[in-house]
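Notes for the one structure printed next.
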Amino acid sequence: MSSTLTGQRGKRMALAACLPVLFVLTWEVLGRFDLLIAGLIPMPSAVLRAWWVWIAGAGGLSLNPYSGTWGANLWFSLQRVGEGYLLAIVLGIPLGVFIGWSRLAAQVVDPSIQWLRPIPITAWLPFSIALFGINEFGAIFLITLGAFYPIVVNTTQGARDVDKNLVRAARMMGAGGWALLRRVILPAALPSVFTGLRIGLGIAWTAVIVAEMVAVKSGLGYVLWDAYYVGRMDVVIADMVSIGLMGYISDRLVVFVESRLLTWRRLQSY
Amino acid sequence: MSSSAIEIAGVTKVYPGDNPVTALENIDLSIADGEFAALLGPSGCGKSTLLNLLAGFETVTSGKLQVYGAPVTAPGPQRAVVFQEAALFPWLNVWENVVFGPKVQGLAPEKYEAKARETLKLVGLENFAKHLPVQLSGGMRQRVGIARVLVMEPTLLLMDEPFGALDAQTRLTMQQLLLDVWEGLKKTVVFVTHDIDEAILLADTIYVMSARPGRIATRIPVEVPRPRNLDTLTDVHFNEMKKRIMHEMRADQH
Ligand SMILES: Nc1ncnc2c1ncn2[C@@H]1O[C@H](COP(=O)(O)OP(=O)(O)OP(=O)(O)O)[C@@H](O)[C@H]1O
Ligand SMILES: [Mg+2]
């Protein structure tokens, strides 16, 4: 039985891989026949080579910024996303639960959030640089801001939609105030919270790239723009793929935590 | 005179809004300590409203409503509620659902664990402690709903059509279970139903309600001897009672 399961899984993966493989092959073949715009679009093999040098090349004293610096830049970006995202979670979830639960809090706080939300994070860039200068804080500010909205909005919704009878049952059994929020409202809102967490993570990656392009001098976003300026399109593409990969892996991580915390939800949908 | 558990005098409940609804109008009701009372009536007559007032989920618009001599201001573990759809916490397993009450009340585990185990056994779920509510049948979920309130040793048990969503067979099993449990505890119970058979089988007294506005139409003591069981349903006393109640309900409609 488990062998048919792995068989199915293999088939699914093969189906999912066929388009990307076809795409990369066509791209490579076009390149071999000189059908790509010369100097603008490098072949996949060239991208891979550049990527390899970027990852494992002799860095240190060499003057080439695209040799052996991948790990360090990746780490910068990861750290920023991690810090900004964490801050957004720490602010967004409690605030969302509170707004969803208290009508007064909703009336006071919710309108402001709705007014500020339409301002895209990119529009905050100049303000953020003016406020924090060219350094970490500007980047983290943007990431936090971007991830905060979907987290707080979805948490609010989840907390607001909690089954009325569950709240009644809890109050009947003696839960009030804090116990009610922590033991009933939060767990009941969790599926919705995770929706917000996943959207927020995507925005956090967008924000880190934008911030690094403009407001700091390190990280995958900085390299992306810098490599473009010096005409290193192979590095640009390797960078793009790196960002996509990181976004994908971090999303899978959130999904993993979600599946761990929400076993009851998964069973419910059978 | 036996002391009364519930004292309701001139209670009116209006749900405010653009079209205010008078769910209950000028209700008087007195339920004795240890009495099993059934509220029987058609849909919309205010049975749930009355129960929610007793539970403290809603507040009266006017009138006096007291439980054991004190006005009801908020829900609390002394007035335990069993809901129609069980209303279990889906993220907690059976055991965690059952000990939820004592736990949030801050009791030490050694104070309630033995009692909780005993109660789970009483409702026949001792082997399902680790199951999540979604893994249980409707009847089993309702057993958990009953167990989690019995653990709190409430003085008053409020049940709003607790078996209304179950199939006929399971329903009979649950009625038998409730009879057994109640014979052992003799707690005051207010049981909402629109099933005449169920009311007669379980209750000491049936309060028949009429709709629009909600009122208590008649009070009918059930003269069927205890202990009762499912055989009671085919008993002569039972059929006489049923005939009488149906007669009164029909008379009430004119
Ligand atoms: N929260 C509410 N807001 C406004 N009106 C309500 C509310 N709850 C109940 N009502 C109205 O009050 C009346 C009595 O409702 P209630 O739920 O108490 O009836 P019921 O006897 O329990 O009916 P059923 O047998 O269908 O459960 C109905 O007309 C209903 O529409
Ligand atoms: Mg009802």
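Quantities reported herein were computed from a predicted structural model and do not represent experimental measurements. Order of the sequence lines sets the chain letters (A, B, ...), proteins ahead of strands, with each chain counted from 1.
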Margin query: Do A/L166 and B/F83 make a side-chain contact, defined as non-hydrogen atoms from C-beta onward lying under 4.5 Å apart?
Written below: no
Note to self: If you count heavy atoms of other groups shown closer than 6.0 angstrom to NE2 of B/H194, is the number above 12?
What the structure shows: no
Checklist line | Enclosure of A/R260 CZ (heavy-atom neighbours >12, cutoff 6.0 Å) | finding: no
Item checked: Residue, of A/A188, A/P187, A/G176, that accumulates the most heavy atom pairs under 4.5 Å with chain B -> A/P187
Check: For atom CZ of A/F98, is the number of surrounding heavy atoms from other residues, nucleotides or ligands below 6.0 Å larger than 12?
Finding: no
Notebook entry, point to check: In this structure, are over 12 heavy atoms from other groups packed under 6.0 Å from B/K103 atom NZ?
Noted result: no
Next item on the list: Rounded to the nearest 0.5 Å, what's the gap from CG on B/N97 to CE on A/M173? Could you check?
Entry: 7.0 Å
Check: Just wondering, more than 12 heavy atoms not from B/Y15 lying within 6.0 Å of its OH?
Finding: yes
Next item on the list: Answer yes or no: are there more than 12 heavy-atom neighbours, outside B/K186 itself, under 6.0 Å from its atom NZ?
Entry: yes
Next item on the list: Check whether any side-chain heavy atom of A/M172 sits under 4.5 Å from a side-chain heavy atom of B/V149, and report yes or no.
Entry: yes
Checklist line | Minimum-distance pair of heavy atoms, taken over all atoms of B/A87 and A/A169 | finding: O-CB, 4.0 Å
Next item on the list: Determine whether more than 12 heavy atoms belonging to other residues, nucleotides or ligands lie under 6.0 Å from atom CZ of A/F76.
Entry: no
Item checked: Under 4.5 Å from any heavy atom of chain B - which part of A/D163 -> neither
Notebook entry, point to check: Between A/W264 and B/P90, which heavy-atom pair has the shortest distance, and what is it?
Noted result: CB-O, 3.2 Å
Next item on the list: Sort B/Q78 into side chain, backbone, both or neither according to what part of it lies under 4.5 angstrom from a heavy atom of chain A.
Entry: neither
Note to self: Check this for me: does any side-chain nitrogen of one of A/R183 and B/E96 sit under 4.0 Å from a carboxylate oxygen of the other?
What the structure shows: no
Notebook entry, point to check: Could you give the distance from CG (A/N165) to CG (B/D160), rounded to the nearest 0.5 Å?
Noted result: 9.0 Å
Next item on the list: To the nearest 0.5 Å, tell me how far B/W91 CH2 sits from A/L190 CG.
Entry: 9.5 Å
Margin query: Please find the pair of heavy atoms, one from A/A170 and one from B/F89, that lie closest to each other, and give the distance.
Written below: CB-CZ, 3.8 Å
Next item on the list: Could you tell me which of B/N52, B/V104, B/L92, B/L88 has the largest number of non-hydrogen atom pairs under 4.5 Å with chain A?
Entry: B/V104
